[in-house]
Amino acid sequence: MPFAFADPSEAARPLHLVPQDAAQAFTGARPPAERAWLSACGFTGKLGQLCLLPGPDGAPSGAALGLGTPAARGRGRFHVAGAVADLPEGAWRLEGALSPGDAAEAALGWLLASYRFGRYRSAEAPKARLQPPAGVDGARVLAMAEAEALTRDLINTPASDLGPAELEDAFLALAAEFGATATAVRGDDLLAQGFPMIHAVGRASTRAPRLLEMRWGGSGPALTLVGKGVCFDTGGLDLKTAASMGLMKKDMGGAATVMGLARMIMALGLKLRLRVLVPAVENAVSGNAMRPQDILKSRKGLTVEINNTDAEGRLILADALALADEERPHLLVSMATLTGSARVALGPDIVPFYCDDDAVAGAIAAGGAALADPVWRMPFWNPYEAMIEPGIADLDNAPSGGMAGSITAALFLRRFVTETPRYAHFDIYGWQPVAAPARPKGGAGQGARAILAALPGALGL
């Protein structure tokens, strides 16, 4: 959906941002009519408290929004966005002491609060528009919002309308929009071109599996993004329960997120060479589905024992990572809705990521904190390597024991990245389970802004 800031030259009402400890002073400094109104409304500056201010003609002349205490603000993000739907139509400007980072977060949250998924029913967006705050790069914020909208739209679309072919269409459309080149390897051509595990996971579906590739940029350091594109996951022969299958339209959230990140990079014209790889499949059930205890040979040459057909995402990522690794990019990033263990450990909001390079990991963590995109570094814990070695094959796709599932999945993927010096893996959720400011219930991008902020340090841009 399109986003836009209000024209800076347009007459705009002020939205006063008032911390709780400054509410009394703010009220006392207002003109008499506003002061009386604020007092009558019991305005205390409590977090999220919105009070429209009356103008001389009876129409709102502005508004005051409570920012609460630092402790209250620390329990969430995008607090300003919570008021957008309740503001009257027209242009608004932020008033109050905001750090550059807080102003940028407020601007991004304002845009994201206007997101609506309207493919299947009409949904009216808020009509209050924000002027870009002083010192905020409006084009950069707009690029982040548009990328997030792309990611959300893709995740929110059900598998009936977003299978591997439709994901390919969206991928090609993104490439065309920015003049990138894109190709696809489909069906049995995957075997001929050396992607046996992508083929094995997707062959049971009537919708052919495929590997999508995009390239953009002719100079600068090389960045490769790999996103898991399981458009629907039944679990295969190790069939999921109905409850576990309920959200599996989002199992292509890694693909949607790297596509959003790629959109940001291309829209901002970053000086790098971008490559995006998306293995796109449907993990279905039929007579030719892969079976428990099957042994697959990967593009890398490593053999993998299938001890759970529901641990399929790491299989398709492995072939794509092996391909990416052959070029030795400066930085290789994989993103996937990979394990329930990550959610048990960190819940739906925080994304665990794995990276052996301390400088890159530090830049990602700092980027997440700066751009309201929370991430948490987890260890590639080498002592657990034995857990993914079944004995009969090189690797086990689903170690028994039920412990350290996110770590062992990350270790599995790292086995396919042997030539690239810097590799980071993100185990995302891709879903907002309960509506929050700027984040409606549904598909959600995670980690992309953290990576964007980290690129200057990670790649020397």
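From a predicted model like this one, the values you see are computed outputs, not experimental measurements.
- Remark: side-chain polar atoms of E105 are paired, donor with acceptor, to backbone N or O of F78 under 3.5 angstrom.
- The two residues A311 and A398 have their closest heavy-atom pair at CB-CB, 4.1 Å.
- M259 is listed as a side-chain neighbour of L154, based on a closest heavy-atom distance under 4.5 Å.
- Side-chain atoms of R439 and D349, non-hydrogen and from C-beta on, do get closer than 4.5 Å to each other.
- Residues T309 and N283 bring no donor and acceptor atom of their side chains to less than 3.5 Å of each other.
- Without hydrogens or angle criteria, R77 side chain to G74 main chain gives no donor-acceptor distance under 3.5 Å.
- Judged by distance alone, the side chain of H79 and the main-chain N or O of R73 form a donor-acceptor pair under 3.5 Å.
- With sequence neighbours excluded, no residue forms a side chain to side chain donor-acceptor pair (under 3.5 Å) with D357.
- In this structure, M335 and I451 have side chains that are in contact, with non-hydrogen atoms separated by less than 4.5 Å.
- No side-chain heavy atom of V230 sits less than 4.5 Å from a side-chain heavy atom of E282.
- Judged by distance alone, with hydrogens and angles left aside, the side-chain atoms of N156 form a donor-acceptor pair with the main-chain N or O of G443 at under 3.5 Å.
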Next item on the list: Kindly indicate, with the supporting measurements, whether the criterion salt bridge (Lys or Arg N to Asp or Glu O under 4.0 Å) is fulfilled by E327 and R273.
Entry: CA-CA 12 Å; E327 280 196 357; R273 289 174 288 139; over 6 Å; no
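- With respect to F232, the side chain to side chain contact (heavy atoms under 4.5 Å, CB included) criterion is satisfied by exactly one of M252, R207, M245, K250: M245.
- With sequence neighbours excluded, the residues that form a side chain to side chain donor-acceptor pair (under 3.5 Å) with E385 are R414, R415.
- Remark: the backbone N or O of A200 is not paired with any side-chain donor or acceptor of E312 at under 3.5 angstrom.
- Put simply, the residue from L317, V281, L323, L315 that forms a side chain to side chain contact (heavy atoms under 4.5 Å, CB included) with I198 is V281.
- Of the possible donor and acceptor atoms, one in the side chain of N397 sits under 3.5 Å from a partner among the backbone N and O of N308.
- Every pair passing side-chain hydrogen bond (donor to acceptor under 3.5 Å, both in side chains) that includes a residue from residues 164-180 is listed here, sequence neighbours excluded: E168-R186, E168-R210, E177-R263.
- Of all the heavy atoms in I350 and V375, the pair that sits closest is CG2-C, 4.1 Å.
- Side-chain contact between V276 and L174 is absent, with no heavy-atom pair separated by less than 4.5 Å.
- The side-chain hydrogen bond (donor to acceptor under 3.5 Å, both in side chains) contacts involving residues 329-341 comprise D251-T337, S334-Y423, S334-H425, T339-D427, where partners must be two or more places apart or lie in separate chains.
- By the 4.0 Å N-to-carboxylate-O rule, K240 lies close enough to D310 to be salt-bridged with it.
- Side-chain contact, Y120 with D161: a donor N or O sits under 3.5 Å from an acceptor N or O.
- Salt-bridge annotation for E213 and R275: present, with a side-chain N of the basic residue lying under 4.0 Å from a carboxylate O of the acidic one.
- Comment: R299 engages E326 in a salt bridge, judged by a side-chain N to carboxylate O separation of less than 4.0 angstrom.
- Between R152 and E146 there is no salt bridge, since no side-chain N of the basic residue sits under 4.0 Å from a carboxylate O of the acidic one.
- A distance-only check finds a donor-acceptor pair linking the side chain of W110 to the backbone of A128 [under 3.5 Å].
- Between the E148 side chain and the G445 main chain, a donor and an acceptor come within less than 3.5 Å of each other.
- In this structure, R377 fails the cation-pi test against F353, since its NZ or CZ atom is not both closer than 6.0 Å to the six-membered ring centre and inside 45 degrees of the ring normal.
- By the side-chain contact (heavy atoms from CB on, under 4.5 Å) test, A104 pairs with V136, sequence neighbours left out.
- Counting all heavy atoms, side chain and backbone alike, Y115 lies closest to P440 at CD2-CG, 4.0 Å.
- The nearest pair of heavy atoms linking A318 to L413 is N-CD2, 4.4 Å.
- At distances below 3.5 Å, not a single donor-acceptor pair connects side-chain atoms of D294 with backbone N or O atoms of E305.
- Proximity of T181 to W216: side-chain heavy atoms (C-beta onward) are nowhere separated by under 4.5 Å.
- Contacts of E95 classified as side chain to side chain donor-acceptor pair (under 3.5 Å), with partners at least two apart in sequence or in another chain: R93.
- Checking side-chain atoms of T151 against main-chain N and O of A147 turns up a donor-acceptor pair under 3.5 Å.
- Two residues are said to be in side-chain contact when any heavy atoms from C-beta on lie closer than 4.5 Å; M248 and T234 fail this criterion.
- P209 places none of its side-chain heavy atoms less than 4.5 Å from the side chain of V201.
- In this structure, K300 pairs ionically with D325, as a charged nitrogen and a carboxylate oxygen lie closer than 4.0 Å.
- Ring to ring, F380 and Y384 are not that close: their centroids are 6.0 angstrom or more apart.
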